[in-house]
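Since the structure is predicted, the reported quantities are computational estimates derived from the model, not experimental observations.
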Number of protein chains: 2
Amino acid sequence: MIDNNVNLVSKLKEFSIKPSIQRIEILEYLMDNRIHPNVETIYSNLVDKMPTLSKATVYNTLDLFAKKGLTNRLYIEPNEVRYDIRKDAHGHFKCEKCKKIEDVEIYNIETDISKNGYNGIIHAEEINYRGICEACAK
Amino acid sequence: MIDNNVNLVSKLKEFSIKPSIQRIEILEYLMDNRIHPNVETIYSNLVDKMPTLSKATVYNTLDLFAKKGLTNRLYIEPNEVRYDIRKDAHGHFKCEKCKKIEDVEIYNIETDISKNGYNGIIHAEEINYRGICEACAK
DNA sequence: CTTCTGATTAGAACAATTATAATACTATTT
DNA sequence: AAATAGTATTATAATTGTTCTAATCAGAAG
Ligand SMILES: [Mn+2]
Ligand SMILES: [Mn+2]
Ligand SMILES: [Zn+2]
Ligand SMILES: [Zn+2]
């Protein structure tokens, strides 16, 4: 518990983020729940533990995390942003049946666009699939 | 003009869409303006020509086009849907400077996810890049 | 203790989308 | 031509995710 907290705090410090209690809790939620949650989900899961938590703080915190490079934003859903603590290159699969968003492994992507002679500067890439997931398919 | 209209009408019929004047105009706009427009852009460009056009009709029409497979929705932007008449597999690059969304060519993607042993059923894929486009980069 | 800075907050404001119900149009039947 | 049925369009209200603003709070520095 305390040990875990130390890890969270040092993670935040590693990304030059001042470890307020709200930031620690939001980070912990993201680490423990790899479901690419939206703001609403994060907020409603934390508000019981921190009754005065405000949605604005969740937005502010996730904006900060993204700016500092601690998390990624996913635009796989129309009209809502999802957040992902996993930072290495990977894709996402949104199941149209069970609605879950799961990670999928991708290779040989990074090179493709430049291989085709595109000379822009890439800051981020996102690869999203939609369909029926493995669990729902069988 | 009339000839062009015939093409638009037959395109709609080809996708089992009743060719109302609003649908014809929206399709024409998408064909002539390959800029991945949002609803607002489409609406404001057509409302002068059709003063009684309603935004609800634009939404309805684009929903129908997507359902029938005539267009794709792009979720490259947070909090707004973009529409694309180009239907063959390709990716998109959103420039953070000039804000344009341009097409980029992609190869060897389709196979990757199944190559990795993923057994879900893929209905759609979307590959989005963000950064500085070629024009803005130099 | 006072001041300063940054973090958090509540609530208002905003913008994209969806839902609902009324109206208009089109084609068909009488 | 008139009535009908079915679809398309419309205005409006409602909903939802996000952003803005200004007030408050907490901790560090002087
Ligand atoms: Mn992920
Ligand atoms: Mn395109
Ligand atoms: Zn599923
Ligand atoms: Zn640019």
Notebook entry, point to check: Does a donor on one side chain and an acceptor on the other come within less than 3.5 Å for B:E96 and A:H123?
Noted result: yes
Notebook entry, point to check: So, A:E80 and A:N38: side-chain donor and acceptor under 3.5 Å apart, yes or no?
Noted result: yes
Next item on the list: Please determine if a side-chain N or O atom of A:T52 lies less than 4.0 Å away from the OP1 or OP2 oxygen of C:dT9.
Entry: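 Indeed, a polar side-chain atom of A:T52 lies that close.
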What does the list of N/O pairs under 3.5 Å between the protein and nucleotides 17-20 of chain C look like, with a distance for each?
{"from": "C:dT17", "atom 1": "OP1", "to": "B:V81", "atom 2": "N", "distance (Å)": "2.7"}
{"from": "C:dT17", "atom 1": "OP2", "to": "B:Y59", "atom 2": "OH", "distance (Å)": "2.7"}
{"from": "C:dT17", "atom 1": "O5'", "to": "B:Y59", "atom 2": "OH", "distance (Å)": "3.3"}

By side-chain contact (heavy atoms from CB on, under 4.5 Å) - contacts of [X] (at least two apart):
X: A:P19; value: A:V9, A:L12, A:K13, A:I24
X: B:S20; value: B:Q22, B:R23
X: A:A135; value: A:C133

Note to self: Is there a path of hydrophobic side-chain contacts, each under 4.5 Å between heavy atoms, that joins A:L53 and A:L30?
What the structure shows: yes
Length of the [atom1]-[atom2] vector between [X] and [N], whole Å:
X: A:E77; N: D:dT16; atom1: CD; atom2: P; value: 15 Å
X: B:L64; N: D:dT7; atom1: CG; atom2: P; value: 13 Å
X: A:Y43; N: C:dG11; atom1: OH; atom2: P; value: 11 Å
X: A:L62; N: C:dA7; atom1: CG; atom2: C1'; value: 15 Å
X: A:N60; N: D:dT21; atom1: CG; atom2: C1'; value: 12 Å

Margin query: Does B:K68 qualify as a cation-pi partner of B:F15, given the criterion of NZ or CZ under 6.0 Å from the six-membered ring centre and within 45 degrees of its axis?
Written below: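 That pair does not qualify as a cation-pi contact.
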Checklist line | side-chain hydrogen bond (donor to acceptor under 3.5 Å, both in side chains) partners of A:E25, counting only residues at least two apart | finding: A:K49
Margin query: Short of 4.0 Å, heavy atom to strand atom, which residues of residues 9-27 of chain A count as contacting DNA chain C?
Written below: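 The answer is A:S20, A:Q22, A:R23.
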